[in-house]
Protein chains: 2
Amino acid sequence: MKSTGENIKIDGIDKEILRFLMEDARKPVLEIARNIGISGAAIHQRLRKLEASGLISGSKFIINPKILGYTTMAYIGIYLDKAMSNPVAVKELAKIPEVLECHYTTGNWSILIKVLCRDNEHLMHVLNKHIQQIDGVSRTETFISLNQQIDRQISI
Amino acid sequence: MKSTGENIKIDGIDKEILRFLMEDARKPVLEIARNIGISGAAIHQRLRKLEASGLISGSKFIINPKILGYTTMAYIGIYLDKAMSNPVAVKELAKIPEVLECHYTTGNWSILIKVLCRDNEHLMHVLNKHIQQIDGVSRTETFISLNQQIDRQISI
DNA sequence: GATGAAAATGAGCAGGG
DNA sequence: CCCTGCTCATTTTCATC
């Protein structure tokens, strides 16, 4: 269970700690301690507090999809039939491994998704053979990311 | 400098290791070792190989923006004047901390960005006072994410 | 490639200010 | 809230298979 997040106070030291770990989750606490000039134990205490608050939701290894040959990223706006139950469509989308994000959105579309494919041909296949096949999907609009210039988390 | 990524061969054991660490970057190597039935040293060797290949581009603590009161995520399509130098606009966008992603895209817009704000009012402020102020930005289309249903990395 | 063991480093806890 | 000192766990290396 996650914390409620109420009453969380983050001071400058907390922010420094978080900034280090957001860059590199495996950075040793003692190394951070040396950098910011307090003891490892103090950092450890603060991390426990931050975890308990729910602010830290985990850590991940980031893998570079290009090395695996995945070089085509695209956003796809999806129009769903009015009668369609959106959650059912989302469940189907979740089965497509190339779909990395899925949002209900305001505006033109019902759903906006992010997909990662090897190349344009692969993207076309995912669109035609998987996404368009989902019941309720009437039309899609695809925006291929030619180049991602910024990719970061919230700034602390 | 990153590796070229050529000649990278990932076998089933590598994939198992990566799957564990993509879920939790701080999982001890020895724990993974017990799970998949080889020695810690072997995992360590493989990780060094995977890092050298460039497949692993690092690790990050994931922080939960909701705890900090950031609950409004939106995608914004940006139309730039034809004469505008896009890289200059991107440089300005990078200065706006609420902008988390920025892509050059095919299709209607020049640029698609993802922003994270505290609420709709904050989003409006970022749009009017920061994004619209950038030289060359002529028009924007905003899609607020009502609910993110899927958020994951490439499946290994 | 994988292994086990040794050496180096870090994590986590207790006691105290 | 922070520190020091201690113990235990983990990482990292290395000789060997």
Side-chain angles (χ1 to χ4, degrees), chain A residues 1-64 67-69 153 155-156, chain B residues 1-64 67-69 153 155-156:
Chain A
M1 270 304 150
K2 290 296 181 203
S3 144
T4 57
E6 62 198 21
N7 298 329
I8 174 75
K9 295 261 186 291
I10 315 278
D11 68 11
I13 296 180
D14 291 324
K15 289 182 184 177
E16 283 195 86
I17 297 169
L18 286 172
R19 274 194 283 259
F20 277 112
L21 291 170
M22 286 168 71
E23 280 301 307
D24 175 6
R26 303 205 100 177
K27 182 170 286 263
V29 167
L30 284 178
E31 200 176 320
I32 299 171
R34 285 189 289 271
N35 269 288
I36 71 184
I38 63 175
S39 75
I43 301 217
H44 189 254
Q45 276 181 340
R46 283 167 176 272
L47 277 175
R48 288 190 63 78
K49 179 197 69 179
L50 291 169
E51 273 164 27
S53 78
L55 214 207
I56 297 174
S57 33
S59 63
K60 295 193 189 314
F61 255 61
I62 307 301
I63 74 136
N64 180 357
I67 302 294
L68 296 177
Q153 287 192 73
S155 55
I156 302 282
Chain B
M1 270 305 147
K2 290 297 180 203
S3 142
T4 57
E6 61 197 24
N7 298 328
I8 175 74
K9 295 261 185 291
I10 314 279
D11 68 12
I13 295 179
D14 291 325
K15 289 182 185 178
E16 284 195 85
I17 297 169
L18 286 173
R19 275 194 283 258
F20 277 113
L21 290 171
M22 285 168 73
E23 281 301 307
D24 175 5
R26 304 204 102 176
K27 183 170 285 262
V29 168
L30 283 178
E31 203 177 316
I32 300 171
R34 282 190 291 273
N35 269 288
I36 70 184
I38 64 176
S39 74
I43 301 213
H44 190 253
Q45 270 186 340
R46 282 168 176 271
L47 278 175
R48 289 189 66 76
K49 180 195 70 179
L50 291 169
E51 274 164 26
S53 78
L55 213 208
I56 297 174
S57 31
S59 63
K60 297 195 187 312
F61 255 61
I62 306 301
I63 74 136
N64 180 356
I67 302 295
L68 296 178
Q153 287 192 72
S155 56
I156 300 282

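Computation of the quantities below employed the complete heavy-atom set of this structure, encompassing side-chain atoms and omitting hydrogens, waters and symmetry-equivalent molecules. Numbered from 1 within each chain, the chains take letters A, B, ... in sequence-line order. Every value quoted in this text rests on a predicted model; they were computed, and no experiment measured them.
- When the C1' atoms of four end pairs are superposed on the next four at each end of the helix from dG1(C)-dC17(D) to dG17(C)-dC1(D), using five pairs per end, the two resulting axes differ in direction by 30°, to 10°.
- Residue contacts for Ala42(A): at a heavy-atom cut-off of 4.0 Å it reaches the sugar-phosphate backbone alone, with no base atom in range.
- Counting any heavy atom pair closer than 4.0 Å across all strands shown, Ile13(A) reaches sugar-phosphate atoms only and no base atom.
- Along DNA chain D, the stretch of nucleotides lying under 4.0 Å from any heavy atom of chain A spans, 5' to 3', dC1(D) to dT11(D).
- Here the rule is side chain to side chain contact (heavy atoms under 4.5 Å, CB included) with Phe20(B), and of Ile32(B), Val29(B), Ile43(B) only Ile32(B) fits it.
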What's the verdict on side chain to side chain contact (heavy atoms under 4.5 Å, CB included) for Leu18(B) and Ile56(B), showing C-alpha distance, side-chain angles and the deciding distance?
-> CA-CA 9 Å; Leu18(B) 286 173; Ile56(B) 297 174; 3.9 Å; yes
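- Taken to the nearest 0.5 Å, the CG atom of Leu55(A) stands 5.5 Å off from the CD1 atom of Ile8(A).
- Closest approach of Ile67(B) to Ser53(A), counting heavy atoms only: CD1-O, 3.6 Å.
- With rounding to whole Å, Leu47(B) atom CG is found 15 Å from dA2(C) atom C1'.
- What you find for Leu47(A) and Ile17(A) is that their closest heavy atoms are CD2-CG2, 3.9 Å.
- Note on residues 30-45 of chain A: pairs passing side chain to side chain donor-acceptor pair (under 3.5 Å), not counting sequence neighbours, are Lys27(A)-Glu31(A).
- For Lys49(B), the salt bridge (Lys or Arg N to Asp or Glu O under 4.0 Å) partners two or more places apart in sequence, or in a different chain, are Asp14(B).
- Each side chain to side chain donor-acceptor pair (under 3.5 Å) pair with one or both residues in residues 17-26 of chain A, not counting sequence neighbours, appears once here: Asp24(A)-Ser59(B).
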Scoring nucleotides 5-17 of chain C by protein non-hydrogen atoms under 4.0 Å (B base, S sugar-phosphate only, - none) yields -----SSSB----
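- Side-chain N or O atoms of Glu16(A) include none that pairs as donor or acceptor with a backbone N or O of Ile36(A) at under 3.5 Å.
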Give the C-alpha distance, both sets of side-chain angles, the deciding distance and a yes or no for side chain to side chain contact (heavy atoms under 4.5 Å, CB included) between Leu68(B) and Ile63(B).
-> CA-CA 9 Å; Leu68(B) 296 178; Ile63(B) 74 136; 4.0 Å; yes
